[in-house]
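All figures in this text were calculated on a predicted structure; none of them were measured in a lab. The analysis underlying the following values was restricted to heavy atoms, covering all of them including side chains, and did not include hydrogens, waters or symmetry mates. Just so you know, ligand 1 is whichever comes first in the structure, and atom 1 is the first atom listed for that ligand.
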Amino acid sequence: MMLPLITGWVLYMAACLFSVWLCYTVYPPIVLFFRQWYHLNYLVYTQAHMIWGHLHIVQATEEAMLATIAYGIKNEITFSVTWFGPFIPTVWCYRPESIKAVLKEPKTDRLYHMMVPWIGTGLLVANGDKWFRSRRLLTPAFHFGVLKPYIQVYNECAQILINKWTKLTSSNESVEICEPISLLTLDVILRCAFSHKSNCQNTGHQSPYVQSVYALSKILTQRLLFIPHQSDFLFYLSPSGRKFLRACKVVHDHSEKVIRDRKAVLEEQIMKGEPIKPTSGRKYLDFLDILLTSKDEDGVGLSDEQIRAEVDTFMFEGHDTTASGIYWTLYCLAKHPFHQQKCREEIRTVLDDRDCIEWDDLKSLSYTTMCIKESMRLYPPVPLYFRNISEDTTIKGHLIPKNTFVTIAPIGLHRQPDIWENPEEYDPLRFLPERCEGRDNFAYMPFSAGPRNCIGQTFALNEEKVVIGNILNKFSLHLDDDHVVEMVPEIILRAKYGIKLKLELLKE
Ligand code: HEM
C-alpha cells in the first residue's frame with residue numbers, strides 16, 4: 001500500500017526537479033537562440049552552414065574577416081553577424097556609433113575565462129567593483145615618473161637586437177623579424193615588471209619561465225580558434241590543455257617566488273623606516289615595487305594573489321601586443337621608403353651625436369609617431385575585442401538581444417571609407433593635428449577607448465618609438481619581394497608567414 005505511494009512521490013519530486021533543471025539550464029538558451037535568430041540572422045553576410053555556421057569560412061582568415069566587414073561597409077549597416085557553429089551568433093561592430101554603444105558592456109566570460117587559469121582575474125578580465133578598485137590601484141604604476149627610467153631598458157634591449165642583426169647583414173639574406181622582436185618585447189616587459197634579466201634575446205626560449213610564457217600565449221590563441229576546445233572539459237583532457245596547466249604552474253611558481261622575495265626586502269626597508277628604493281643595483285622602481293606598495297584610501301593594498309594576477313596580465317598583454325605594433329610598423333616603413341627616410345632624418349636630428357634615445361627626445365619624434373599611428377590604423381595589434389550584451393540593446397533600429405556576444409573590430413573601423421579617405425593607402429599625415437579635427441573620438445581605437453582603455457598605452461608607444469628609432473638609425477629596411485606578407489587576425493594581429501626584410505647596415 002505504502003510502496004506505490006512512495007514511488008509516486010519520488011517520481012513526482014523527480015519530475016519537479018527535472019522541470020526546474022529544464023527551466024534554468026535548457027529553456028533560457030533555447031529562448032535566447034530563437035530571439036537571436038529572429039533579430040540577427042538577417043544581418044549575416046552570407047548564408048550560414050547548418051552545422052558549422054560561418055566557422056568554416058571565418059576561421060580567422062584575413063579574407064573572411066575583411067569580407068564580413070566589407071559586407072557591412074557596402075550595405076551601409078552598422079554591424080554584421082556571423083555564426084560560430086549552429087547556435088552562437090556574434091555581432092561585429094566596426095562603426096563608431098555601434099562601438100560606442102557596446103563598449104561599456106562587461107567583458108564576455110565565454111572568451112576571457114580561458115585566460116583566467118593563467119592571468120587570474122587581473123585587470124584585463126575583471127568586471128565591476130573588482131575592476132574599478134584594481135584600476136585605481138594600478139594607475140600609479142603607469143605614471144610618467146615611473147615610466148621615465150624604462151627608456152634606458154628599451155634602449156638596452158634594442159641594442160641587443162641590433163647587435164644580432166648587424167651580424168646577419170653580411171649574408172645579404174632577408175631576415176624574419178617577428179620572432180626576434182617578440183623576444184625583445186618579452187625581454188623589456190620582464191625587466192620592467194620585475195627586473196628579471198632573462199637574456200632571452202640571445203638564448204631564445206631556454207629559460208623554463210620564458211618558454212612557458214611563450215607556450216601559454218600560443219596555446220591560448222590555438223584554443224580560441226578550435227571550437228571543440230571552447231569546452232573546458234574537452235580542452236583540459238587534450239594534450240594542449242595539460243601543457244597549458246603545466247606552463248601555468250611554472251609561471252605561477254616563478255611569479256610567487258619573485259613576489260615573496262621582493263616583499264621581504266620591501267618589508268625590511270619599511271621596518272627600518274627607510275623610503276622605498278630600488279634593490280639589487282637597479283636604478284628604477286619596477287611594476288612589482290609599485291604594486292607591492294600601492295594602497296587604497298583605507299590603507300588596504302593588493303593581496304599576493306592579485307599582485308600575481310597583475311604581473312601575469314602584464315606579461316600576457318604587454319609583450320606580444322607591442323611586438324605586433326613594432327613589426328607591422330617596420331613592414332610599413334620598408335614598403336614606403338619615403339616615410340622611412342623622413343623618420344630617420346627626424347631621429348638623427350634629435351639624437352645629434354648620441355647613441356641612445358632619451359625621455360626628452362620622445363616629444364620631438366612627431367613624424368615617427370604619426371607613422372606608428374598610421375601603421376596601427378592599418379594593422380591594429382589587437383584586431384578584435386569582445387563584450388557581452390547585458391540588456392536588450394537597440395542600435396540604429398537593430399535589436400541585439402541580452403546575452404549576445406559582440407566582437408569589436410578596430411581592424412574594420414580603421415578602414416571605413418567615410419571616415420578614412422582612401423583607407424588602404426599608407427598616409428601618416430592623416431594624423432596631423434589639423435587633419436584630426438572633427439574626426440569622431442571613436443574612429444581610431446588601437447588601444448580601445450573609455451574607462452577600459454589600455455592602461456599600458458604610453459608604456460607601449462614609448463617602447464615602440466625607442467625600438468623603431470634605434471633600428472632606423474642603424475639600418476635601411478627593404479621588402480623581400482619573394483616573401484608573401486599576410487595578416488592573420490588572432491588575439492594579436494600576426495603575420496601568417498612571418499615578415500622578412502632586407503637589412504642594409506648604414507654608415508654612421
Ligand atoms: C601596442 C601595444 C598595445 C596595444 C595595441 C594594446 C591594446 C589594448 C586594448 C585594445 C585593450 C582593451 C582590451 C579589451 O577591452 O578587451 C587593452 C587593455 C589592456 N592593456 Fe593593452 N595594449 C598594448 C600594450 C599594453 C602593455 C605594454 C600593457 C602593460 C604593460 C598593457 C596592459 C593592458 C591592460 C592591463 C589592459 C586591461 C585594462 C582594463 O581593462 O582596465 N597593454 N590593451
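Every atom of ligand 1 is numbered from 1 in the order shown, and the set under 4.0 Å from a heavy atom of I189 is 30 (C). Atoms of ligand 1 lying under 4.0 Å from any heavy atom of P446, numbered from 1 in the order shown and given with element: 5 (C), 7 (C), 10 (C). Counting atoms of ligand 1 from 1 in the listed order, those under 4.0 Å from a heavy atom of Y112 are 14 (C), 16 (O). Listed by number with element, the atoms of ligand 1 under 4.0 Å from a non-hydrogen atom of S448 are 10 (C), 12 (C). Using a 4.0 Å cut-off to heavy atoms of K107, the atoms of ligand 1 that qualify are 14 (C), 15 (O), 16 (O), 40 (O). Close approach of ligand 1 to T322 (heavy-atom distance below 4.0 Å) involves ligand atoms 1 (C), 2 (C), 27 (C). Near G318, meaning under 4.0 Å from one of its heavy atoms, ligand 1 places the atoms 26 (C), 27 (C), 28 (C).
Contact annotation for M315 and ligand 1: no heavy atom of the residue comes within less than 4.0 Å of the ligand. With a 4.0 Å cut-off on non-hydrogen atoms, F386 does not touch ligand 1 at all. At a heavy-atom distance under 4.0 Å, only backbone atoms of N453 (N, CA, C or O) approach ligand 1. Under 4.0 angstrom from ligand 1, there are no non-hydrogen atoms of Q457. When non-hydrogen atoms are compared, ligand 1 lies under 4.0 Å from the side chain of F459 (C-beta onward) but not from its backbone.
Using 4.0 Å as the threshold, L461 has no heavy atom nearer than that to any atom of ligand 1. Residue contacts with ligand 1: E464 is included, with a non-hydrogen atom under 4.0 Å away. Residue-ligand proximity: A460 is placed with a non-hydrogen atom under 4.0 Å from ligand 1.
Of the polar atoms of R452, at least one N or O is found under 3.5 Å from an N or O of ligand 1, judged by distance alone. On a distance-only criterion, W131 and ligand 1 share at least one N/O pair closer than 3.5 Å.
In terms of modelled atom types and a separation under 3.5 Å, the side chain of E374 and the main chain of L429 share no donor-acceptor contact.
For R494 and Y327, the positive end is not near the middle of the six-membered ring at less than 6.0 Å and at most 45° from its axis. Judged by a 6.0 Å distance limit and a 45° cone about the ring axis, R262 is not positioned over the six-membered ring of F194.
When R135, E317, M376 are ranked by how near their heavy atoms come to atom 19 (C) of ligand 1, first place goes to E317.
Annotation: atom 22 (N) of ligand 1 to nearest protein heavy atom, C454 SG, 3.1 Å. Counting protein heavy atoms only, atom 15 (O) of ligand 1 is closest to R387 NH2, 3.0 Å.
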